[in-house]
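Notes follow the structure.
First listed ligand is number 1; within each ligand, the first listed atom is number 1. Starting from 1, each residue takes its place in the sequence as its number.
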Amino acid sequence: MEKLVSIIVTVYNTAEFLEECLTSVTNQVYKNIEIIIVNDGSTDNSAEIIEQYTNADSRCRSINLTENKGVGFARNLGIEQATGDFVYFVDSDDFINEHAVKKLVEGLGNKTYIIGRTKKLTNKEDSNIEIDELAVTVRKRKKVFKVLQNLNVLNSLFSIEIIRKYNLRFSEDTDCYTEIAFLVPLFKNRTVIYQVKESVYFRRLRNDPITNPSLMQQDREKVLKDFLTVYNYLKEEQKGKNKEQKLLDKLLIHFYRSKFILIMRDATQIERNFEQLANAMEKVSPAQFKNQNLLVRGELKALRNHKLKNYKRAVSIHHFGRDSKQTFTSKTKLTRQIYKDIFQKRPLNEKKIVFESFLGKNYADSPKYIYEYMVKHYPEYEFIWSFNEINHDIPGNAKQVKRLSLAYYYHMATAKYWVNNMRQPLHLQKREGNVFLQTWHGTPLKKLVFDMNEVYSANPKYKQQFYEQSRLWDYLIAANSYSSDIFKSAFKFDKVMLEDGYPRNDTLYINNNSDYITKMKTKLNIPLDKKVILYAPTWRDDEFYEPGKYKFNLKFDLQKLQEKLGNEYVILLRMHYFIADDLNIDGYEGFVYNMSKYDDIAELYLISDILITDYSSVFFDYSNLRRPILFYTYDLEKYRDQLRGFYIDIENEVPGPLVKTTDEIIDAVLNIDKVTIEYKEKYDIFYDKICGWESGKATEKIVEKVFKNN
Ligand code: C2G
């Protein structure tokens with residue numbers, strides 16, 4: 001008779017991930033399972049999803065708690081309800097390989113406890129791993145404490161006998177580290193741990209710790225305090241049991257060295273946490289200190305004896321040692337240290353401004369227009385521009401510094417004002433009196449940050465880091481009320497929103513005349529007798545060489561375009577600044593111009609007669625010119641549905657046709673007057689919504705608000 005496995009899934013507000021989890025559980029190759037789903041008072045629609053599974057699969061049943069009781073309580077309830085021979089836990093935001101349970105059962109034999117392998121998941125592809133369906137490779141791990149210190153009950157098979165024998169339960173009065181109570185008695189007599197290589201569990205690294213943190217993503221001090229609470233409780237509960245006491249002490253010291261030391265840095269932090277930590281350390285048997293090095297032993301003793309002063313001294317030496325080891329191994333770290341310790345202590349210059357656009361790549365966008373206005377009207381200021389290469393030909397007397405160089409840090413530390421159109425480096429710190437004007441770099445079409453519903457991302461810390469960075473922005477520019485609403489939700493922005501239009505769009509009102517256009521075309525060597533098509537697409541999240549370096553293939557037939565349109569038009573190709581590929585336009589000289597490296601796209605807007613784009617925010621700006629726009633959206637379904645999601649209904653709201661092939665482009669261009677008439681009504685509505693605040697005076701209004709008021 002096949003043994004029954006009780007799978008316990010505890011759920012708290014994980015609707016986003018739950019289907020993937022429960023499907024992976026119900027699809028197990030090992031069929032003799034019961035699935036106990038404990039809904040721990042979820043307030044999202046987790047309950048509905050659970051119901052679908054309990055209705056469809058008789059092996060599933062659920063327990064609904066009316067209020068959130070915590071994962072320890074919920075798992076204990078699951079254990080009490082289990083009727084199986086074995087118990088297996090899954091977290092509701094994770095999922096498992098279809099062979100996971102079968103492999104563990106086979107590997108377990110007549111042992112009482114076995115573990116599988118956990119794989120951290122940052123993107124969907126990570127789960128495409130090959131599993132040998134026949135193999136069950138059981139490894140013996142001798143370093144038992146190393147397994148224990150991970151404090152993990154996931155992807156393990158526990159025999160019900162061992163759970164009953166030691167009465168294994170989770171503790172219930174903290175959010176985190178409830179597993180210690182379950183694992184310590186289980187580990188006390190073990191000299192070896194068995195592991196099945198082919199049983200794989202996918203642990204999701206959640207990427208939105210701000211809106212929906214996982215338990216361990218809560219405030220670090222709080223998480224560690226939970227550790228101490230559990231430790232204190234168990235020391236008392238397991239009194240007289242030597243082996244358990246020893247394991248608990250080892251865990252505390254391990255946690256001290258790997259985690260607590262990181263929050264014991266400045267004086268206030270230390271004072272805040274000292275007593276609690278000292279009280280716990282007092283309970284440790286001094287024999288445990290022997291294995292530590294001298295420095296750590298000093299800290300532990302100071303804690304144990306409640307000697308705050310001694311502790312502060314010892315710990316500062318410890319940190320100094322750690323920091324200087326890091327500082328002198330890398331130039332970057334040394335530069336940052338100088339920034340923090342020396343530059344940040346210099347006086348703040350009330351009349352200095354540092355400008356940057358597109359991470360130092362261009363002299364462009366709103367920072368450029370704000371700078372040029374200030375050069376004219378506020379010449380008493382000192383202006384700094386941050387560039388990746390210091391070779392930009394710019395008006396005025398700005399000093400150019402190389403981004404992230406020592407000079408850059410000096411000016412960032414001492415300038416009162418920062419003007420940037422993208423996020424600043426994470427390690428920059430604001431000083432008292434600093435003013436940060438964030439211009440942002442486009443009206444959004446693609447969902448941004450906290451509105452992005454993506455479950456995977458290249459960088460699981462993205463949302464959290466974005467949140468921290470955007471807390472430093474004092475002013476944010478919204479070109480229209482549509483953007484203003486989005487920024488409030490997507491960035492959780494709650495400081496001053498400047499609602500005066502985009503500085504970068506002023507030029508589209510001031511310079512929209514034939515003199516300017518002739519002058520620009522001449523400067524760029526574009527024939528005056530030809531009309532101009534600008535092709536400016538965006539980037540694709542899933543096509544990259546490495547983060548920040550994206551791929552792009554031209555998806556149209558240049559030869560055909562030249563044959564049909566070459567007499568009347570030229571084409572300017574303008575790749576997004578994230579695109580690393582160099583376009584090859586050999587053979588199309590005189591028809592195709594590569595403008596990807598050109599600084600300011602606004603100048604290209606002004607000289608072009610038609611814009612072709614896709615999901616780039618360029619069309620919002622371009623619509624200020626009221627000229628025709630074609631949307632070359634050959635991968636619409638994938639881009640919209642899989643990659644990002646949009647804020648507007650692209651099929652119905654945008655002011656031009658969606659075209660999918662080279663022939664359709666040619667057809668639309670040859671009939672551009674007809675297209676213009678066809679889209680007139682939509683264009684008018686769109687213009688009112690997006691361009692209503694623009695009048696050519698945004699720069700002036702914004703400068704007066706930001707620099708006069710401060
Ligand atoms: N851009 C450009 N050339 C392109 C595409 C974009 O110069 N081929 C510039 C435009 O100024 C555009 C800005 O980069 O407004 C942002 O480009 P998007 O394609 O919209 O993409 P992204 O950088 O993801 O920014 O809220 C805006 C969003 O964040 C979009």
## Note on the structure
For atom 12 (C) of ligand 1, the closest protein heavy atom turns out to be Ser617 OG, 3.5 Å

### Query
How are the rings of Tyr577 and His441 set relative to one another: parallel (under 30°), tilted (30 to 60°) or perpendicular (over 60°)?
perpendicular

### Task
Starting from atom 11 (O) of ligand 1, find the nearest protein heavy-atom neighbour and note its residue, name and distance.
Arg504 NH1, 3.1 Å

### Message
Tell me the protein heavy atom at minimum distance from atom 9 (C) of ligand 1, and give that distance in Å.
### Response
Phe358 CZ, 4.0 Å

### Query
Parallel under 30°, tilted from 30 to 60°, perpendicular over 60°: which one fits the rings of Trp539 and His576?
tilted

## Note on the structure
So CG of Asp599 and CG of Asn362: to nearest 0.5 Å the spacing works out to 5.0 Å

### Query
So do Tyr373 and Ile702 actually touch side chain to side chain, heavy atoms under 4.5 Å?
no

### Message
For atom 27 (C) of ligand 1, what is the closest protein heavy atom, and at what distance to 0.1 Å?
### Response
Gly442 O, 3.3 Å

### Query
Can you tell me how far the CG atom of Leu604 sits from the CG atom of Leu534, to the nearest 0.5 Å?
6.0 Å

### Message
Using a 6.0 Å cut-off, check whether atom CG of Asp529 has over 12 heavy atoms from anything other than its own residue.
### Response
yes

### Query
Checking Lys488 against Phe493: charged group under 6.0 Å from the ring centre and within 45 degrees of the axis?
no

### Summary
Near Thr538 (heavy-atom distance under 4.0 Å), the atoms of ligand 1 are 18 (P), 19 (O), 21 (O)

### Query
Between Tyr409 and His427, does the ring centroid distance fall short of 6.0 Å?
yes

### Query
Phe620: heavy atom below 4.0 Å from ligand 1, yes or no?
no

### Task
Consider every N or O of Tyr615 and every N or O of ligand 1, then say whether any pair is closer than 3.5 Å.
no

### Task
Report yes if the distance between the aromatic ring centroids of Phe466 and Phe491 is under 6.0 Å, otherwise no.
yes

### Query
With respect to atom 3 (N) of ligand 1, which of Arg574, Lys446, Met595 exhibits the smallest heavy-atom separation?
Arg574

## Note on the structure
Within the 4.0 Å heavy-atom cut-off, what Trp440 brings close to ligand 1 is side chain

### Query
Are any of the N or O atoms of Tyr605 closer than 3.5 Å to those of ligand 1?
no

### Message
When you compare ligand 1 with Trp539, is there at least one nitrogen or oxygen pair between them that comes in under 3.5 angstrom?
### Response
yes

### Query
Quick one: are His411 and Ile353 in side-chain contact, heavy atoms under 4.5 Å?
no

### Query
Do any nitrogen or oxygen atoms of Val618 come within less than 3.5 Å of a nitrogen or oxygen of ligand 1?
no

### Message
Heavy atom to atom 18 (P) of ligand 1, shortest distance: which of Ser616, Ser596, Ala490, Ser483 holds it?
### Response
Ser616

### Message
For Leu448, which part has a heavy atom under 4.0 Å from ligand 1: side chain, backbone, both, or neither?
### Response
side chain

### Message
How far is atom 23 (O) of ligand 1 from the closest protein heavy atom, and which atom is that?
### Response
Tyr577 OH, 2.5 Å

### Task
Determine, considering heavy atoms only, which of Ile601, Asp599, Asn421, Thr443 sits nearest to atom 2 (C) of ligand 1.
Ile601

## Note on the structure
Distance col, row Phe487:CZ vs Leu448:CG, nearest 0.5 angstrom, shows 7.0 Å

### Query
If you measure every N/O of Phe578 against every N/O of ligand 1, is any gap under 3.5 Å?
no

### Summary
ligand 1 atoms nearer than 4.0 angstrom to some heavy atom of Ala536 are 8 (N)

### Task
For His441, counting its heavy atoms only, list the atoms of ligand 1 lying under 4.0 Å from any of them.
12 (C), 13 (C), 15 (O), 16 (C), 23 (O), 25 (O), 29 (O)

## Note on the structure
Shortest non-hydrogen pair, Leu561 vs Ile571, comes out as CD1-CD1, 3.9 Å

